[in-house]
Amino acid sequence: MALADILVIEDNLELSAVIRDFLEAEGYSVAAASSAEEGLELLDSQAVKLLLLDIMLPGIDGFAVCRLAREKYNLPILIMSARHGDDNKIIGLELGADDYLEKPFTIQLLIAKVKAHMRRSYEMNDNRQLLTDGDLLVNRSSMQVFLAEAPVSMTMKEYELLVLLLNNRGKALRKEWLFGQVWGADSFSEPSTLTVHINKLREKIELNPKQPKRIVTVWGVGYKYEAV
């Protein structure tokens, strides 16, 4: 299954299809789920950048999904709900949502909010020259890495992989996606080379590479960068 920029969890299939069509017309890749359970599975298996979430879902409701998603991932969450009133908005925002849209809403408003959150969360962050995590510092302008103020020697692939992981910290990234981003779909390298580079990175930035705290393995998926 292809990786998606945006995940839509909405049990109204007609509305979900309309949202998907308009977002794809804007250049986003979109995955859709009609239940909380299906949505959480997709969220765990793909490098989703933004979640559009209905509240009134069959089974587990959207508020529970919002709480679970916020506990595991640092991504914008936009709630779409027919439940009006400040009480529902407050609940959603306190559970970790970044925005709350009352149904019915215009597609134009939804797209504008999606663009604003994507720009705020990723375009600005992607342009940061300094990436930090504890005593780890990456200077993107000079392409240098420092650990406890000491320079760390890295190959270009190791550096690119580290920046990609840092920019997606807290998110489980599939091996296939990481390989495609760093080596390219047309690379002649074997996908197993990703594992080699991950191990080398761990040797350079982990206190105990055999028990990594920063770059952790997500079994059956790939890897995730955990902030120390």
* Asked: Side chains of D11 and M56: does their closest heavy-atom pair fall under 4.5 Å?
  -> no
Please determine whether side-chain contact (heavy atoms from CB on, under 4.5 Å) holds for the pair E158 and L162, giving the CA-CA distance in whole Å, both sets of side-chain angles, and the decisive distance to 0.1 Å.
CA-CA 6 Å; E158 290 168 358; L162 177 60; over 6 Å; no
Report task. Test D44 against K224 for salt bridge (Lys or Arg N to Asp or Glu O under 4.0 Å), laying out the working first. Result -> CA-CA 11 Å; D44 286 338; K224 177 170 62 173; over 6 Å; no
CD1 of I90 to OH of Y100, rounded to nearest 0.5 Å, is 11.0 Å
*Could you tell me whether the side chain of L50 reaches within less than 4.5 Å of the side chain of M118, counting heavy atoms only?*
yes
Practice prompt. Flag the pair K213 / L207 as yes when at least one side-chain heavy-atom distance between them is below 4.5 Å, and no otherwise.
Written response: no
Heavy-atom nearest pair, L43 first then A69, reads CD2-CB, 3.7 Å
request  = Using a strict cut-off of less than 4.0 Å between a Lys/Arg side-chain nitrogen and an Asp/Glu carboxylate oxygen, indicate whether D98 and R70 qualify as a salt bridge.
outcome  = yes
Legend entry - Hydrophobic cluster identity match, W183 and V163, side-chain contacts under 4.5 Å: yes
Is any side-chain heavy atom of I19 less than 4.5 Å from a side-chain heavy atom of M80? yes
Q: Evaluate the side-chain proximity of K204 to V145: yes if any heavy-atom separation is below 4.5 Å, no if none is.
A: no
The reported gap from CG in L93 to CD1 in I79 (rounded to nearest 0.5 angstrom) is 7.0 Å
- Count the heavy atoms of every other residue, nucleotide or ligand shown that sit under 6.0 Å from CD of E14, and state whether that count exceeds 12. no
One should read off an interatomic distance between K210 NZ and E203 CD, to the nearest 0.5 angstrom, of 10.0 Å
Within the supplied structure, the quantity of interest is the number of heavy atoms (other residues, nucleotides, ligands) at a distance under 6.0 Å from Y28 OH; does it exceed 12?
yes
Side-chain heavy-atom pair N139, L130 within 4.5 angstrom cut-off: yes
Quiz item: Please walk me through it: do I77 and V65 pass side-chain contact (heavy atoms from CB on, under 4.5 Å)?
Solution: CA-CA 10 Å; I77 300 174; V65 175; over 6 Å; no
Notebook entry, point to check: Is there a side-chain contact between T195 and Y223, using heavy atoms and a 4.5 Å cut-off?
Noted result: yes
Checklist entry - Would the number of heavy atoms belonging to other residues, nucleotides or ligands and lying under 6.0 Å from CD1 of I107 be above 12? => result yes
CD of Q181 to CZ of R174, rounded to nearest 0.5 Å, is 14.0 Å
Quiz prompt | Other residues, nucleotides, ligands: >12 heavy atoms within 6.0 Å of K157 NZ | solution = yes
Do L166 and W177 land in one hydrophobic cluster if side-chain heavy atoms of ILVMFWY residues count as linked below 4.5 Å?
yes
Where do K103 and D54 land on the side-chain contact (heavy atoms from CB on, under 4.5 Å) test, with the steps shown first? CA-CA 10 Å; K103 296 179 179 178; D54 182 30; 3.1 Å; yes
Value for CG (L161) from CG (L178), rounded to nearest 0.5 Å, stands at 6.0 Å
request  = Show the numbers, then the answer: is there a side-chain contact (heavy atoms from CB on, under 4.5 Å) between V182 and L164?
outcome  = CA-CA 8 Å; V182 176; L164 191 60; 4.1 Å; yes
L173-V196 co-clustered via ILVMFWY side chain contacts under 4.5 Å: no
Side-chain heavy atoms nearer than 4.5 Å, only ILVMFWY residues, links allowed to pass through others: does that put V218 and I215 together? no
Report task. Using modelled atom types only, decide if a donor and an acceptor are shared between the side chain of R20 and the backbone of V30 within a distance under 3.5 Å. Result -> yes
For the side chain of D5 and the backbone of S29, is there at least one donor-acceptor N/O pair under 3.5 Å apart? yes
Output for pair (Y225 OH, L136 CG), nearest 0.5 Å, gives 4.5 Å
Indicate, with yes or no, if L147 and I198 share a hydrophobic cluster defined by side-chain heavy-atom contacts under 4.5 Å among Ile, Leu, Val, Met, Phe, Trp and Tyr.
yes
Check your understanding: Distance-only, no hydrogens or angles: does the N12 side chain make a donor-acceptor pair with backbone N or O of L15 under 3.5 Å?
Key -> yes
Notebook entry, point to check: Is there a side-chain contact between I205 and M154 (heavy atoms, below 4.5 Å)?
Noted result: yes
Taking every heavy atom of C66 against every heavy atom of A97, the minimum-distance pair comes out as SG-N, 3.6 Å
Heavy-atom nearest pair, L13 first then S34, reads CD2-CB, 3.8 Å
Nearest heavy-atom approach of E38 to A32 is OE2-O, 3.8 Å
Between R214 and D133, the two heavy atoms sitting closest are NH2-O, 2.9 Å
If only side-chain N and O atoms count, and only distance matters, is there a donor-acceptor pair under 3.5 Å linking H117 with D99?
yes
Only residue of V221, V216, T217 satisfying side chain to side chain contact (heavy atoms under 4.5 Å, CB included) with W219 is T217
On a heavy-atom basis, the closest approach of E37 and P58 is OE1-O, 4.4 Å
